Visitor: 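First the structure, then my questions, so here it is.
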Number of protein chains: 2
Amino acid sequence: MSPQKDPTDKALPRKRERLTRELVLSAALRLVDAEGLDALTMRRLGQELGRDPMGLYRYAANRAELLDGVSELVLDELAITPDAPDWQAQLRRIAHDLRLLALRHPNVVPLLVTRPLSTPLGLRPLGTLRPLEQILSLLIDAGFAPADALHVYRAYYGYLYGHILNELQELIVDPDENEALLRLGLHRLPPKEFPRLRALAPVLATYDGAAELDQGISILLSGLSAHLSPPGSQPLG
Amino acid sequence: MSPQKDPTDKALPRKRERLTRELVLSAALRLVDAEGLDALTMRRLGQELGRDPMGLYRYAANRAELLDGVSELVLDELAITPDAPDWQAQLRRIAHDLRLLALRHPNVVPLLVTRPLSTPLGLRPLGTLRPLEQILSLLIDAGFAPADALHVYRAYYGYLYGHILNELQELIVDPDENEALLRLGLHRLPPKEFPRLRALAPVLATYDGAAELDQGISILLSGLSAHLSPPGSQPLG
DNA sequence: ACCTGAACACCGTTCAAGT
DNA sequence: ACCTGAACACCGTTCAAGT
C-alpha cells in the first residue's frame, strides 16, 4: 500500500525514541535484506535497535510473528488498484511488480512462500491476505463468477510464485567469469549424467526473467481465456 | 527412483549397527515428517539414532547439507522415465506424482522450494537436479529444440510448484466443523475488508487439488502448444 | 503497570583428548 | 585414523525482581 520508502527515513531510530511496531519491523527487514534470515534473531535485532531484546516481545509475541510481520511489511509494497480497466493488463503489471519486489528482497522470498504453509488461511496476518482479496475483487469486478475468479487467481498466483522461485534459483555463481559453464558452476556436474543441462549453459547464462515472466503470463492468460471465456474480452490464441 | 519404502524397513537401525548416509537421512526424514523441520537438529537426530550427535558430521558436513540430503531423499521417490511415448501425458503424470509426494511429506516442501535459493545451480545436490535433467531429456527427445525445452520446463515446473504451495496453504483448521467459514478460520477476518474471501468460504472448503492441478496443466499445455508448436502433436484448444 | 536481565533449556560446531 | 564429549558462542523464551 504505502509507496517506496526513503531508505534513510526511520533507518536507525534515535537512541531513546519510543519503539513502534513499524520501527521494529523495518529494522528486522533491513537486517534480513543485509544478512539473510538467519541473522534475524531476537537478540541481534535488539542489539541493532540499541534495546533490550526482551522488549521486542511487546511488538511480536514470538519469533514466528516477527517473521510474519516482515512478510506483511514487504507485501505492503505491492500496490493493487481494484478499479482496473483491463484485468489482463492489471494482472500482468502486478506480476512484474511482485517480481521486482522479490528481486529487491530476495532473502524475504522464502518467508513469503513458506510462512503461509504453517498457518491456516483465516489465521494469517491480514497484510498477507490483502493481495488475495484485492485480486479476487479485480476479477469479480471484471465479470468473473466468484468461483471462476478463485480458479484464475490460483493459476495466476501459482505460476507467478513458481516463476519467482525459478528465477531466483538461477543465480550466477561467478559474474566475472565469461565462460557460461563456469558462470553457473555447471562444470561441476558429471557430463555423462547431465548432458542436457550442461549443453544449455549458454541459454541459462543469458536468462531474461522479465521476458520469461511476460511470456508465461501470456500463455496462462490465453489458456485461461480459452477455458473460462471471461466477460468483456474475446479469447486470445 | 527407488519405489515406496516399507515403513518398517530400516526404521530404527539396530543398536550398534554401522551407520550409513542412507540410514542417517531416512531417520532425518522420519523426524521431519513426524515433527516438522524444527525438530531436525543434530542433537535430536543423534538421540533418535542412539549415537553421539558429533558422529553425524561424518555423513553431512553441517546442518544445511543434512537438509539437502533430505530433499534428495524425497525427490528420489519421483520416477521420471525418459522414454516417453507422449510428452504431455508424461508431464501430467509427473505433476500428479509430485503433488502426491508433497502431500505425503508436507513438512519437506519448504525445503524443496527454499534450499535451491541458497545454492547456485551447479553446486546443488545432484539428486535435486536429476528431475530437471530428465524432463529436459524428455522434451528434447520429443522434438523440442533445447532452448524451447527449457522454456517449457520453466513454465511447467514453475506452475507445478506454485500449485503445490497453493494447495498446502488451504489447510483445514477444524475438519469437524461443518460450517465452511469456521473450517478455514475465515470468520476471523473483518467482513468489511474481506468480503470476497469470506463469500468464497464454501468453494474454498471443498477444494479438489488433483482436479485443479489437472486443469491447470491442461491450460498450460494448451497455451504452450499454441506458442511453441511442439513437434508431433497438433495444438490443443 | 511496565521494564530489565538473570536463568533455563536448548542450538551448531570446534577441537583437544583419548583410543 | 577414528571416535568421543567437553567447551564455546550462540539461540528463544520465561519469569522473578525491581521500578
Side-chain angles (χ1 to χ4, degrees), chain A residues 13-25 27-72 107-108 110-111 114-115 117-119 125, chain B residues 13-25 27-73 107-108 110-111 114-115 117-119 123 125:
Chain A
R14 295 267 163 276
K15 243 334 184 205
R16 287 287 90 193
E17 186 181 340
R18 185 108 183 80
L19 281 186
T20 62
R21 186 176 155 83
E22 256 267 318
L23 232 33
V24 170
L25 291 181
L29 176 57
R30 234 174 8 250
L31 197 48
V32 172
D33 281 341
E35 303 183 34
L37 274 179
D38 289 344
L40 178 56
T41 67
M42 304 302 277
R43 289 159 127 105
R44 175 68 194 282
L45 183 55
Q47 178 182 316
E48 217 70 23
L49 289 163
R51 293 300 205 294
D52 185 308
M54 298 305 109
L56 301 178
Y57 285 90
R58 273 182 73 47
Y59 307 98
N62 48 43
R63 183 165 187 266
E65 222 175 72
L66 190 65
L67 296 178
D68 276 336
V70 172
S71 289
E72 275 189 287
N107 294 337
V108 178
L111 240 43
T114 270
R115 288 296 311 152
L117 298 179
S118 33
T119 326
Chain B
R14 296 264 162 281
K15 245 332 185 202
R16 287 288 88 194
E17 186 180 343
R18 186 107 181 81
L19 283 184
T20 63
R21 186 177 154 87
E22 257 268 317
L23 232 34
V24 170
L25 292 181
L29 176 56
R30 238 176 3 254
L31 197 49
V32 172
D33 280 340
E35 303 183 34
L37 274 179
D38 289 346
L40 179 55
T41 67
M42 304 303 276
R43 288 160 127 106
R44 175 71 193 282
L45 183 56
Q47 179 182 314
E48 216 70 24
L49 288 164
R51 293 301 204 296
D52 186 307
M54 298 306 108
L56 301 177
Y57 284 91
R58 274 184 73 49
Y59 306 97
N62 48 45
R63 183 165 186 266
E65 223 176 71
L66 189 65
L67 297 177
D68 276 336
V70 172
S71 290
E72 275 188 287
L73 190 61
N107 294 337
V108 179
L111 239 43
T114 270
R115 287 295 310 151
L117 298 178
S118 34
T119 327
L123 307 183

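Every value quoted in this text rests on a predicted model; they were computed, and no experiment measured them.
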Visitor: Would you mind reporting whether B:Leu73 and B:Glu22 have side-chain heavy atoms less than 4.5 Å apart?
Guide: yes
Visitor: If we take the C1' atom in both D:dC3 and C:dC15, what is their distance in whole Å?
Guide: 13 Å
Visitor: Could you tell me how far apart B:Leu45 (CG) and C:dC10 (P) are, to the nearest whole angstrom?
Guide: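 My rounded result for the distance is 17 Å.
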Visitor: Any side-chain heavy atom of A:Glu65 sitting closer than 4.5 Å to one from A:Asn62?
Guide: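 Side-chain contact under 4.5 Å: yes.
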Visitor: Treat a base pair as Watson-Crick or G-U wobble with both distances under 3.5 Å, then lay out DNA chain C in dot-bracket form, 5' to 3', with | for cross-strand pairs.
Guide: ||.|||||...|||||.||
Visitor: Donor-acceptor pair, B:Arg63 side chain versus B:Leu40 backbone, under 3.5 Å?
Guide: yes
Visitor: Checking all strands, does B:Met54 fall into the base, sugar-phosphate, or nothing category for heavy-atom contacts under 4.0 angstrom?
Guide: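 Base, at least one base atom sits under 4.0 Å.
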Visitor: Less than 4.0 angstrom between a side-chain N/O of B:Arg18 and OP1 or OP2 of D:dC3, yes or no?
Guide: yes
Visitor: If I take atom CG in residue B:Asp52 and atom C1' in nucleotide C:dG12, what distance separates them, rounded to the nearest angstrom?
Guide: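 Rounded to whole Å, this separation is 13 Å.
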Visitor: Nearest-Å distance, CG (A:Leu56) to C1' (C:dC3)?
Guide: 13 Å
Visitor: Taking the side chain as C-beta and beyond, is there a heavy-atom pair between B:Asp33 and B:Leu29 under 4.5 Å?
Guide: yes
Visitor: Should A:Glu48 and A:Arg30 count as an ion pair when the cut-off is N to O under 4.0 Å?
Guide: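 Answer for the salt bridge query: no.
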Visitor: Do A:Leu66 and A:Leu56 have side chains that approach each other closer than 4.5 Å (heavy atoms only, starting at C-beta)?
Guide: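 No, side chains not in contact.
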Visitor: Any heavy-atom pair between the side chains of A:Thr114 and A:Leu67 that's under 4.5 Å?
Guide: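 The answer is no, as the side chains (C-beta and beyond) never meet within the 4.5 Å cut-off.
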Visitor: Where the side chain of B:Arg44 is concerned, which of C:dA7, C:dC11, C:dG5 is the nearest nucleotide?
Guide: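 The answer is C:dC11.
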Visitor: So which of residues 58-68 of chain B are in contact with DNA chain D, with a heavy-atom cut-off of under 4.0 Å?
Guide: B:Arg58
Visitor: For A:Tyr57 and C:dT4, give me the distance from atom OH to atom C1', rounded to whole Å.
Guide: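 Nearest whole value for this atom pair: 14 Å.
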Visitor: Looking at residues at least two apart in the chain, or sitting in another chain, which of them share a side chain to side chain contact (heavy atoms under 4.5 Å, CB included) with A:Ser118?
Guide: A:Arg115
Visitor: Roughly how many Å is it from CZ in B:Arg43 to P in D:dG5, rounded to a whole number?
Guide: 13 Å
Visitor: For the side chain of B:Thr41, starting at C-beta, report the closest nucleotide among C:dC11, C:dT13, D:dG5.
Guide: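 The closest nucleotide is C:dC11.
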Visitor: List the atom of A:Met42, the atom of A:Pro53, and the distance in Å for their closest heavy-atom pair.
Guide: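 The pair with the smallest heavy-atom distance is O-CB, 3.7 Å.
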Visitor: Could you check how far CZ of B:Arg51 sits from P of D:dT4, rounded to whole Å?
Guide: 8 Å
Visitor: Please give the distance between the P atoms of C:dA9 and D:dA9 as a whole number of Å.
Guide: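 Between the two P atoms, the distance is 22 Å.
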